[in-house]
Amino acid sequence: MTLYVGITCIKLLQFMGFGVRWKGWIRACLYSAKASVLVNGSPSKEFQLEKSLRQGDPLSPFSFIIAMEGLHVALEDAKAEGFLHGVAVGSDNFIISHLFYADDVLLLGKWDKMNLENMVMVLDCFFMVSGLKVNLHKSNLYGVGVIYNQVEEMCSWEIAF
């Protein structure tokens with residue numbers, strides 16, 4: 001995922017109207033890293049790192065937030081067009097479909113196959129545009145107020161992702 005966060009970050013900065021100077025500063029932070037390798041105790045010649053962000057990079061959380069702005073817009077557009085249905089919370093029945101926190105995303109929605117398929121379709125489109133893909137090994141599906149058999153059934157549906 002780290003390779004494309006930087007590219008997505010620059011594209012989204014442009015989409016959000018950031019100026020050339022800001023984009024240049026972020027690009028410089030993302031692509032100016034160099035490294036060398038110790039060989040028998042002596043450093044090799046420096047070389048340019050190929051990936052834009054690395055694990056532990058202090059800029060990584062900020063780049064992720066900017067990249068998630070693109071997913072937020074996609075989810076909001078899908079809701080506005082009636083493709084996604086969130087859940088009503090509170091006494092005002094406020095509709096919520098997604099929450100972002102640090103480097104986690106929580107998607108909430110009406111419990112039916114069509115809503116799940118549309119949610120997956122939005123995530124797939126986001127992947128095609130940004131290069132950022134959901135790690136299914138770190139993902140879970142929970143049904144609130146739903147019997148366990150229905151959760152198992154929803155997990156077994158053939159949804160292209």
Side-chain angles (χ1 to χ4, degrees), residues 1-37 43-90 92-110 112-142 157-161:
M1 188 167 181
T2 56
L3 174 62
Y4 295 104
V5 173
I7 296 166
T8 302
C9 180
I10 300 298
K11 287 180 184 176
L12 281 167
L13 287 172
Q14 184 171 345
F15 175 76
M16 294 185 313
F18 279 78
V20 174
R21 181 176 286 175
W22 267 101
K23 291 185 294 188
W25 288 338
I26 299 299
R27 187 176 286 112
C29 290
L30 292 173
Y31 299 107
S32 64
K34 293 185 178 181
S36 65
V37 179
S44 68
K45 184 179 175 184
E46 283 189 343
F47 56 90
Q48 186 77 30
L49 295 175
E50 295 294 321
K51 293 191 176 185
S52 60
L53 291 176
R54 290 144 306 279
Q55 188 170 354
D57 192 317
L59 195 56
S60 186
F62 302 109
S63 297
F64 184 80
I65 290 168
I66 292 169
M68 288 302 95
E69 180 65 20
L71 180 57
H72 167 72
V73 169
L75 291 167
E76 287 296 315
D77 287 350
K79 271 184 6 184
E81 293 295 324
F83 292 117
L84 280 184
H85 304 282
V87 293
V89 294
D92 295 337
N93 287 327
F94 180 75
I95 304 296
I96 188 166
S97 63
H98 56 282
L99 297 168
F100 299 129
Y101 179 76
D103 63 352
D104 291 320
V105 177
L106 178 65
L107 300 174
L108 306 151
K110 179 179 155 188
D112 69 23
K113 185 177 180 180
M114 183 61 71
N115 202 44
L116 179 63
E117 286 176 344
N118 289 341
M119 200 176 285
V120 170
M121 188 171 55
V122 170
L123 291 172
D124 199 34
C125 289
F126 180 69
F127 163 67
M128 287 187 281
V129 169
S130 69
L132 302 175
K133 189 170 187 175
V134 174
N135 184 339
L136 295 177
H137 297 292
K138 293 182 178 180
S139 301
N140 294 304
L141 177 67
Y142 297 104
W157 284 334
E158 291 294 322
I159 298 175
F161 190 66

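- Atom CH2 of Trp22 has 12 or fewer neighbouring heavy atoms from other residues, nucleotides or ligands inside a 6.0 Å radius.
- Taking a 6.0 Å sphere around CE of Met114, one finds it holds 12 or fewer heavy atoms contributed by other residues, nucleotides or ligands.
- For the atom pair Met68 CE and Asp104 CG, the distance stands at 11.0 Å (nearest 0.5 Å).
- Separation of atoms CG (Leu84) and CG (Leu116) is listed at 10.0 Å; rounding is to 0.5 Å.
- Leu13 contributes atom CG, which lies 10.5 Å from atom CD of Glu69 (distance to the nearest 0.5 angstrom).
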Going through the checks in order, is the side-chain contact (heavy atoms from CB on, under 4.5 Å) test met by Leu123 and Leu71?
CA-CA 8 Å; Leu123 291 172; Leu71 180 57; 4.0 Å; yes
Under the criterion side-chain contact (heavy atoms from CB on, under 4.5 Å), I'd like the reasoning laid out for Val134 against Phe126: C-alpha separation, chi angles, the key distance, then a yes or no.
CA-CA 10 Å; Val134 174; Phe126 180 69; over 6 Å; no
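- Nearest heavy atoms, Val122 versus Ala74: CG1-CB, 4.0 Å.
- By the 30° and 60° cut-offs, the orientation of the rings of Phe100 relative to His98 is tilted.
- Ser97 and Glu76 make their closest contact through OG-OE2, 4.5 Å (heavy atoms, listed as atom of the first residue, atom of the second, distance).
- Within 6.0 Å of the OH atom in Tyr142, the count of heavy atoms belonging to other residues, nucleotides or ligands does not exceed 12.
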Run the numbers on Asn115 and Met119 for side-chain contact (heavy atoms from CB on, under 4.5 Å), then give the verdict.
CA-CA 6 Å; Asn115 202 44; Met119 200 176 285; 4.2 Å; yes
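- Remark: Lys23 is not positioned above the aromatic ring of Phe18, lacking an NZ or CZ atom under 6.0 angstrom from the ring centre and at most 45 degrees off the axis.
- The two residues Ser36 and Pro43 make their nearest non-hydrogen contact at OG-CB, 4.0 Å.
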Chi angles and distances behind the side-chain contact (heavy atoms from CB on, under 4.5 Å) call for Leu107, Leu75:
CA-CA 10 Å; Leu107 300 174; Leu75 291 167; 3.7 Å; yes
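- Atom NZ of Lys113 sits about 12.0 Å away from atom CG of Asn118, to the nearest 0.5 Å.
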